[in-house]
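Notes follow the structure.
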Amino acid sequence: MAAKKRCQFETETRCNQAALRIVGQCPHCRAEFCGTHRMPEHHNCQNLESCRQQAFERNKAKLESERTVASKMAMA
């Protein structure tokens, strides 16, 4: 039987909790973490800022494509 995968979070000491199977892998850095460290903000993900920038650019482009221009009404 294979050994359980452990959380890859490291500070001064390494986290010794078991990594979660389904939701434990970070989609940005592909490292595996326990329930405490699985969120990118909790394990200081190196790719988090680039991910945020890409999401910002996508949202910006979407909002700009949906922009409507109000027609001016002629005052008689």
Side-chain angles (χ1 to χ4, degrees):
M1 187 168 165
K4 286 186 178 181
K5 292 185 179 182
R6 295 290 170 192
C7 178
Q8 295 177 353
F9 181 74
E10 291 187 36
T11 53
E12 294 88 32
T13 59
R14 186 176 176 102
C15 178
N16 198 26
Q17 294 181 357
L20 299 176
R21 289 184 182 197
I22 297 173
V23 295
Q25 187 178 40
C26 176
H28 310 299
C29 64
R30 301 286 183 216
E32 295 190 4
F33 298 99
C34 65
T36 305
H37 301 116
R38 71 182 182 90
M39 301 300 289
E41 295 85 7
H42 295 156
H43 67 263
N44 300 324
C45 185
Q46 301 298 319
N47 299 333
L48 183 59
E49 192 58 38
S50 65
C51 175
R52 284 183 178 164
Q53 188 63 32
Q54 289 172 358
F56 176 81
E57 294 298 329
R58 278 194 310 269
N59 288 337
K60 179 181 173 184
K62 182 180 178 191
L63 290 173
E64 287 178 348
S65 71
E66 295 174 352
R67 183 180 294 180
T68 57
V69 178
S71 59
K72 294 184 180 181
M73 297 179 64
M75 299 295 272

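Note: hydrogens, waters and symmetry copies are ignored here, and every other heavy atom, side chains too, is used. Just so you know, residue 1 is the first one in the sequence shown, and it goes up from there. Note that the structure is a prediction, hence the values are computed from the model and not measured.
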Next on the checklist: Testing the 3.5 Å rule here: is there a donor-acceptor pair between the side chains of Gln53 and Glu57?
Outcome noted: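 Note: Gln53 and Glu57 side chains meet the donor-acceptor criterion.
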Residue pair His37 / Cys7: nearest heavy atoms and the distance that separates them: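 Closest approach of His37 to Cys7: ND1-SG, 3.5 Å.
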> Closest approach of Gln17 and Thr36, non-hydrogen atoms and distance?
Replying inline: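 Taking every non-hydrogen atom into account, OE1-OG1, 3.7 Å.
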Q.
A side-chain contact here means heavy atoms from C-beta on lying under 4.5 Å apart; do Glu41 and Leu48 qualify?
A.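 Yes - at least one pair of side-chain heavy atoms lies under 4.5 Å apart.
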### Task
Could you grab the distance from atom SG of Cys29 to atom CD of Gln46, nearest 0.5 Å is fine?
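CD of Gln46 is found 8.0 Å from SG of Cys29.
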(message) How long is the straight-line distance from CE of Met39 back to SG of Cys45, given to the nearest 0.5 Å?
(response)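 Answer rounded to 0.5 Å: 11.0 Å.
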Is a side-chain N or O of [X] found less than 3.5 angstrom from the main chain of [Y], in a donor-acceptor match?
X: Arg38; Y: Gly24; value: no
X: Gln8; Y: Glu32; value: yes
X: His28; Y: Asn47; value: no

Legend entry - Evaluation steps, side chain to side chain contact (heavy atoms under 4.5 Å, CB included), between Cys26 and Phe33: CA-CA 7 Å; Cys26 176; Phe33 298 99; 4.0 Å; yes
